[in-house]
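One structure is given below, encoded as structure tokens.
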Amino acid sequence: MAELVPDAVSLAGIVLAGGESRRMGRDKATLPHPGGTTTLVEHLVGMLDQRCAPVFVMAAPGQPLPTLQVPILRDELRGLGPLPATGRGLRAAADAGVRLAFVCAVDMPYLTVELIDDLARRAVETNAEVVLPWDGRSHYLAAVYRTDLADRVDALVGAGERKMSALVDASDAQRIVMSDSRPLTNINSAAGLRTPVQPGS
């Protein structure tokens, strides 16, 4: 049997763009990409579009976004955290007939297709429900999830959970140790936008 190559792994993409950043003082989706000419959400959608199909953007009600060539799904209520939005994205991906989805935060300007490929390959090899990077901490919002976890998310949200860790703790999860943390970098301040992370740092 031929070895399954990463490009053969069908993978949806889900960008969580609706979060309110307390440290930034505003949502991050429309902030400029460091050193680029696009917003963070446009950059992330473009990155995922190279590897994932379909790609969904999860946004807050009334949140202004640039014109995007992918479906935008809006939360019913603001401020419920990433777990309900992830559940809606996983359900949309499942309805599209895709078994796996890469879920990421919108504030990851250095995310790479290679990282997405690696996680997708590990998800197929291990048949785990969740495959997430670990570099001293677990990166719940840069991970591959099985789309059939949508029902489990609904149950957790119904029980009052709002954190991604609740889903991962309730799932068969594989953590992949990362030697290069740069693709996992999140932008949490205006200074982070002005000072791009250098390769290898």
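Quick note: numbers below take in every heavy atom, side chains included, and nothing from hydrogens, waters or symmetry partners.
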Answer yes if Met178 and Met108 sit in the same cluster of Ile, Leu, Val, Met, Phe, Trp and Tyr residues linked by side chain heavy atoms under 4.5 Å apart, and no otherwise. yes
Show the nearest heavy-atom pair for residues Val55 and Cys52, with the distance to one decimal. CG2-O, 3.6 Å
May I ask you to say whether Arg182 pairs ionically with Asp180, meaning some side-chain N is under 4.0 Å from a carboxylate O? no
For the atom pair CZ (Arg91) and CG (Asp151), what is the distance rounded to the nearest 0.5 Å? 4.5 Å
Could you check if a side-chain atom of Thr39 sits within less than 4.5 angstrom of a side-chain atom of Pro66, using non-hydrogen atoms only? yes
Which atom pair, heavy atoms only, marks the closest approach of Ala85 to Met58? O-CE, 3.3 Å
Taking Arg122 first and then Asp118, would you say they form a salt bridge - that is, a charged N and a carboxylate O separated by under 4.0 Å? yes
Tell me if a side-chain donor or acceptor on Gln63 pairs with a main-chain N or O of Ala17 at a distance below 3.5 Å. yes
With distance as the sole criterion, is a donor-acceptor pair present between the side chains of Ser10 and Arg99 under 3.5 Å? no
Short question: side chain of Gln174, backbone of Ala128 - any donor-acceptor pair under 3.5 Å? no
Between Leu115 and Leu184, is any pair of side-chain heavy atoms under 4.5 Å apart? yes
Taking every heavy atom of Ala93 against every heavy atom of Ala101, the minimum-distance pair comes out as CB-CB, 4.4 Å
Could you go through the side chain to side chain contact (heavy atoms under 4.5 Å, CB included) check for Val106 and Leu16 one step at a time? CA-CA 6 Å; Val106 77; Leu16 301 186; over 6 Å; no
Between the side chains of Arg152 and Ser171, does any donor sit under 3.5 Å from an acceptor? yes
Calculate, to the nearest 0.5 Å, the distance between atoms OG1 and CZ belonging to Thr126 and Arg121 respectively. 11.5 Å
Kindly give the heavy-atom pair with the smallest separation between Ala92 and Leu73, and that separation in Å. CB-CD1, 3.7 Å
Test item: Arg162 side-chain N/O and Val157 main-chain N/O as donor-acceptor pair under 3.5 Å: yes
Do Val130 and Leu149 come close enough that some side-chain heavy atom pair is under 4.5 Å? yes
Contact between Leu167 and Leu156 at the side-chain level, heavy atoms closer than 4.5 Å - yes or no? yes
CG of Leu11 to CZ of Phe102: how many Å apart, nearest 0.5 Å? 8.0 Å
Evaluate the side-chain proximity of Leu100 to Tyr145: yes if any heavy-atom separation is below 4.5 Å, no if none is. no
Does any N or O in the side chain of Arg74 come within less than 3.5 Å of the main-chain N or O of Pro61, such that one atom is a donor and the other an acceptor? no
Ser138 vs Val168, test: side chain to side chain contact (heavy atoms under 4.5 Å, CB included). Steps then yes/no. CA-CA 10 Å; Ser138 296; Val168 173; over 6 Å; no
Side chain to side chain contact (heavy atoms under 4.5 Å, CB included) assessment of Ile176 paired with Trp134: CA-CA 6 Å; Ile176 307 301; Trp134 187 88; over 6 Å; no
Output for pair (Leu31 CG, Ile187 CD1), nearest 0.5 Å, gives 9.0 Å
State which residue, out of Val113, Ile116, Val57, Val70, fulfils the side-chain contact (heavy atoms from CB on, under 4.5 Å) condition with Leu48. Ile116
Taking all non-hydrogen atoms of both residues, which atom of Ala120 and which atom of Val144 are closest, and how far apart? N-CG2, 3.9 Å
Measuring from Asn186:CG to Tyr110:OH, what's the distance to the nearest 0.5 Å? 11.0 Å
Are side-chain heavy atoms of Val153 and Pro84 found at a separation under 4.5 Å? no
Is Leu111 close to Leu44 at the side-chain level, that is, under 4.5 Å between some pair of heavy atoms? yes
So do the side chains of Glu129 and Val131 get within less than 4.5 Å of each other, counting heavy atoms only? no
With rounding to the nearest 0.5 Å, note down the distance linking CG in Asp169 to CD in Glu161. 9.0 Å
Using modelled atom types only, decide if a donor and an acceptor are shared between the side chain of Lys28 and the backbone of Leu40 within a distance under 3.5 Å. no
Are any side-chain N or O atoms of His139 and backbone N or O atoms of Leu132, one a donor and one an acceptor, separated by less than 3.5 Å? no
Determine the minimum heavy-atom distance between Ile14 and Gly89, stating which atoms define it. CD1-C, 3.3 Å
Hey, is the main chain of Val98 close enough, under 3.5 Å, to the side chain of Thr147 for a donor-acceptor pair? yes
